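All figures in this text were calculated on a predicted structure; none of them were measured in a lab. Order of the sequence lines sets the chain letters (A, B, ...), proteins ahead of strands, with each chain counted from 1.
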4 protein chains.
Amino acid sequence: MGIEIASTVKDPERIRERREQIIQASVELFTQKGFHKTTTREIARASGLSNGALYEYVKSKEDVLYLVCRHIHQEIHERLADSLSSHERAVERLRHAVASFLSVIRDMEDEVLLIYQESKSLPHHYLREVLQNEQAITDIFVQLLQDGLQDKSIQLSAEDIPLVAHDVIVLGQLWAFRRWALRDMEFSEFVSQQTEMILRACRP
Amino acid sequence: MGIEIASTVKDPERIRERREQIIQASVELFTQKGFHKTTTREIARASGLSNGALYEYVKSKEDVLYLVCRHIHQEIHERLADSLSSHERAVERLRHAVASFLSVIRDMEDEVLLIYQESKSLPHHYLREVLQNEQAITDIFVQLLQDGLQDKSIQLSAEDIPLVAHDVIVLGQLWAFRRWALRDMEFSEFVSQQTEMILRACRP
Amino acid sequence: MGIEIASTVKDPERIRERREQIIQASVELFTQKGFHKTTTREIARASGLSNGALYEYVKSKEDVLYLVCRHIHQEIHERLADSLSSHERAVERLRHAVASFLSVIRDMEDEVLLIYQESKSLPHHYLREVLQNEQAITDIFVQLLQDGLQDKSIQLSAEDIPLVAHDVIVLGQLWAFRRWALRDMEFSEFVSQQTEMILRACRP
Amino acid sequence: MGIEIASTVKDPERIRERREQIIQASVELFTQKGFHKTTTREIARASGLSNGALYEYVKSKEDVLYLVCRHIHQEIHERLADSLSSHERAVERLRHAVASFLSVIRDMEDEVLLIYQESKSLPHHYLREVLQNEQAITDIFVQLLQDGLQDKSIQLSAEDIPLVAHDVIVLGQLWAFRRWALRDMEFSEFVSQQTEMILRACRP
DNA sequence: AATGAATGAGTATTCATTCAT
DNA sequence: AATGAATGAATACTCATTCAT
């Protein structure tokens, strides 16, 4: 899944493990210092690898950024997908999904910000992939909205759905990238307001 | 207004002109290549200045970034403020303000993105200032919402207003930073959907 | 006296005045920060001149250093020459000269150090001149020693005189360039010890 | 011994070797062109290292200067200490030490000058160390003079000893930093005169 | 597979000097 | 005579990447 990254190492399991280390270390570093101000030496050291070993699992610093972005998206996607409820009415499933999504955003504030701020440094082919992953998350809400259309628990014209789905995403991400403006707000308050905002869009 | 940036040049008019050149050139460069990948040489050359002259108007590369961010915010703020209508009912003034804001975002897509992606590279004291400017823009909508509360054309609990104002901002900026997902959408379509979304939040 | 330094300014009196300012400012700056770490801008500013005006009275930064070195030597030479006493016996005149010389060194510690540490940065033709000035000061002691030979108040073989004169100089300058080692020593103590050292060399 | 200088290289033996190269090259360069006019590129190239490799063995240009000064002092100290004779009477040991010291100064003219002229460019903590090393050399003579006091072969009041020791040093260094004035003098002549001067100070 | 030393291109910034006004 | 803006060469230091061992 995603773009294959070349490695000089044969054992796939070892590759998996080492890249796991690299990703853990890099998320930490990138969120703290930013991609450009993090050196590959720092990445190697924090990953428990030597300078040279790093380049056996990755061909460039940009590869690391891609791995990190992909990993973050995977985690968000997975957590969101896992939380999907099985209420009968789609609108209820949506309400739950929004709540879950907001929780994920809260837990992964720094990571969400990281993707927004650093993904522009990705080579084009990686960026495309990353945007697809972002879309895949959005599509979860697209699906829920379509379900709602079907079961009539949501009132929207079909062509409005894509944008509404994006709206859901950014209304959630707001918690991450306007955090500086929301210092005093309780997360629960945020959840109820944003949920209300979104659900209003789904009523006639 | 804003943080004073030292210059070795005495003539204030000349400083204004040259910094104007620097800003124009840098917006272009930063939006195309990003702040880190742009060199000061490129900035100087594109500004029509020599390497040395650049540093007579600015003390560091970060100064340039701050000037750029401030400039962008000023332009957005000004255009938005100028467009405020004088309808009797606040809700109408809000509707117009949203429309204007979205136009501004459309015109300044790259600049909006620039601030989101590069402002993290600012030294702390500059960043604070930049965030204040972002807040100042948000406050325009805070004011409109409060007006609406007053004249009863908007129904919201007072404590919800700040977040709604931020919602307005990100629902607008969405056009800029999720542009890749909206390739097929007409701007007018975007405007009407987002306006609807926002106004729904203001009704009982 | 000394090497003529070109100037684009005609009025010799004005040149004298301005260079006086330049020298005063530069002695201060060079002793504090060293020649290399002092910029011509600083020199100009501290001299009360504009950047450009500085270069009307001097052709290069090295010119300034030369002016400074010459000025220091002139002052030392003058103060030493002025203090020469008229005792009948040369050995007494020598004793007084040594005392005067040590006073001058004490008063001009920083300047003496400056010449030792920075004169190597002078272009060759200036350096030669500066060394001649240093020699001229030494020659005052050469003369006194020769006088002593003549009047028999000093016992030395004639060929030893030049080196003894240099010894006098460095035994005096020691106060300046090993100051860090003499923190606890009274100047008067220094004077009496060094005088004794020198006079012993002049006895049979 | 001395201040530890950080290196990114692990193998201590390699560090020793490379720094040796760096020191050799830098003594040459610094004595010829001075510290400020020598570039780090020149240092690297003359050391047989790449630009980057230089900075694996040293963190700054000032580090190189410190290494050079320390090396010079070490060599002087070692050669002087090694030459100490075992004559019964301290005054004889002193005479020999002076002769050895003067030989060392002659062999290391440029290096002695280098320390005098460039050590002011050292960061404070390095300068302190360098002055301590200079003092350590002086202390060898302090010790000899004290021995002489003990065995009565030298007549001095105890409190005069420190300054006399410094006198010995500068009377020796004179050969290095007033070389321009001593072009015609035989070194042997210099030795006998300075030795005589010093020994006279030690007699009643 | 791993190490870590080596490479060298790249970059922000400074500053002596010039020159149009 | 004076100003001060402009120039552009120069330079210490960094860091992604390679490669011998």
Participant: How close or far is atom P of E:dT14 from atom CG of B:Asp63, stated in whole angstroms?
Facilitator: 11 Å
Participant: Using whole Å, what does the distance between atom P of nucleotide E:dA5 and atom CZ of D:Arg19 come to?
Facilitator: 12 Å
Participant: OP1 or OP2 of F:dA2 versus the side-chain N and O atoms of C:Tyr57: is any pair under 4.0 Å?
Facilitator: yes
Participant: Apply salt bridge (charged side-chain N to carboxylate O under 4.0 Å, His left out) to B:Glu118 and list each qualifying residue two or more places apart in sequence or on a separate chain.
Facilitator: A:Lys120
Participant: Whole-Å distance between F:dG8 P and B:Leu49 CG?
Facilitator: 12 Å
Participant: Is any side-chain heavy atom of C:Leu114 closer than 4.5 Å to a side-chain heavy atom of C:Asp110?
Facilitator: no
Participant: In whole angstroms, how far is the C1' atom of E:dT13 from the CD1 atom of B:Ile43?
Facilitator: 13 Å
Participant: Under 3.5 Å, side chain of D:Ser7 to main-chain N/O of D:Val9, donor-acceptor pair present?
Facilitator: yes
Participant: With distance as the sole test, does D:Arg19 use its side chain to make a donor-acceptor pair with the main-chain N or O of D:Tyr57 at under 3.5 Å?
Facilitator: yes
Participant: For DNA chain F, what is the dot-bracket line, given that a base pair needs Watson-Crick (N1 to N3, plus N6-O4 or O6-N4) or G-U wobble (N1-O2 and O6-N3) geometry with both distances under 3.5 Å, and | means paired with another strand?
Facilitator: .||||||||||||||||||||
Participant: Could you walk me through whether C:Arg70 and C:Val130 pass side chain to side chain contact (heavy atoms under 4.5 Å, CB included), step by step?
Facilitator: CA-CA 7 Å; C:Arg70 183 168 76 182; C:Val130 166; 5.9 Å; no
Participant: Starting from P on F:dT14, measure out to CD on A:Glu42 and report it in whole angstrom.
Facilitator: 12 Å
Participant: Nearest-Å distance, CD (C:Glu17) to P (F:dA2)?
Facilitator: 10 Å
Participant: Can you tell me the distance, in whole Å, between the CG atom of B:Leu65 and the C1' atom of E:dA12?
Facilitator: 15 Å
Participant: May I have the distance from D:Glu13 (atom CD) to E:dG4 (atom P), rounded to whole angstrom?
Facilitator: 17 Å
Participant: Evaluate whether atom NE2 of C:His124 has more than 12 neighbouring non-hydrogen atoms of other residues, nucleotides or ligands under 6.0 angstrom away.
Facilitator: no
Participant: Would you say a side-chain N or O of B:Arg14 is under 4.0 Å from OP1 or OP2 of F:dT3?
Facilitator: no
Participant: Describe the nucleic acid contact of B:Arg45 in one word from base, sugar-phosphate, nothing, applying a heavy-atom distance below 4.0 Å.
Facilitator: nothing
Participant: Please tell me if A:Arg18 has a side-chain N or O lying less than 4.0 Å from either OP1 or OP2 of E:dA1.
Facilitator: no
Participant: For D:Glu129, which residues count as a salt bridge (charged side-chain N to carboxylate O under 4.0 Å, His left out) partner, sequence neighbours excluded?
Facilitator: none
Participant: Could you check whether B:Glu17 pairs with B:Arg14 (Lys NZ or Arg NE/NH1/NH2 to Asp/Glu carboxylate O, under 4.0 Å)?
Facilitator: no
Participant: Provide the full list of salt bridge (charged side-chain N to carboxylate O under 4.0 Å, His left out) pairs with a residue in residues 1-12 of chain C, sequence neighbours left out, each pair given once.
Facilitator: none
Participant: Please enumerate all residues that pass side-chain hydrogen bond (donor to acceptor under 3.5 Å, both in side chains) together with D:Glu134, with sequence neighbours excluded.
Facilitator: C:Arg178, D:His73, D:Gln173
Participant: If you take any heavy atom closer than 4.0 Å to DNA chain F, which residues from residues 2-11 of chain C end up in contact?
Facilitator: C:Val9, C:Lys10, C:Asp11
Participant: Quick check on contacts: within residues 25-39 of chain B, what sits under 4.0 Å from DNA chain E by heavy-atom distance?
Facilitator: B:Thr38, B:Thr39
Participant: With sequence neighbours excluded, tell me which residues meet side-chain hydrogen bond (donor to acceptor under 3.5 Å, both in side chains) with D:Gln21.
Facilitator: D:Arg18
Participant: Which residue pairs pass the salt bridge (charged side-chain N to carboxylate O under 4.0 Å, His left out) test with at least one member in residues 27-43 of chain B, sequence neighbours excluded?
Facilitator: B:Lys33-B:Glu42
Participant: Show me the protein contacts with nucleotides 17-21 of chain F, counting only N or O atoms at under 3.5 Å.
Facilitator:
from	atom 1	to	atom 2	distance (Å)
F:dT17	OP2	A:Tyr55	OH	2.8
F:dT17	OP2	A:Lys61	N	3.0

Participant: Ignoring hydrogens and angles, write down the donor-acceptor pairs under 3.5 Å from the side chains of residues 61-69 of chain B, residues two or more places apart or on other chains.
Facilitator:
from	atom 1	to	atom 2	distance (Å)
B:Lys61	NZ	B:Phe35	O	3.1
B:Lys61	NZ	B:Thr38	O	2.8
B:Asp63	OD1	B:Tyr126	OH	2.6
B:Asp63	OD2	B:Lys59	N	2.9
B:Asp63	OD2	B:Lys59	NZ	3.4
B:Tyr66	OH	B:Ile3	N	2.9

Participant: Got a sec, which residues hit side-chain hydrogen bond (donor to acceptor under 3.5 Å, both in side chains) with D:Gln24, two or more places apart in sequence or on another chain?
Facilitator: D:Glu20
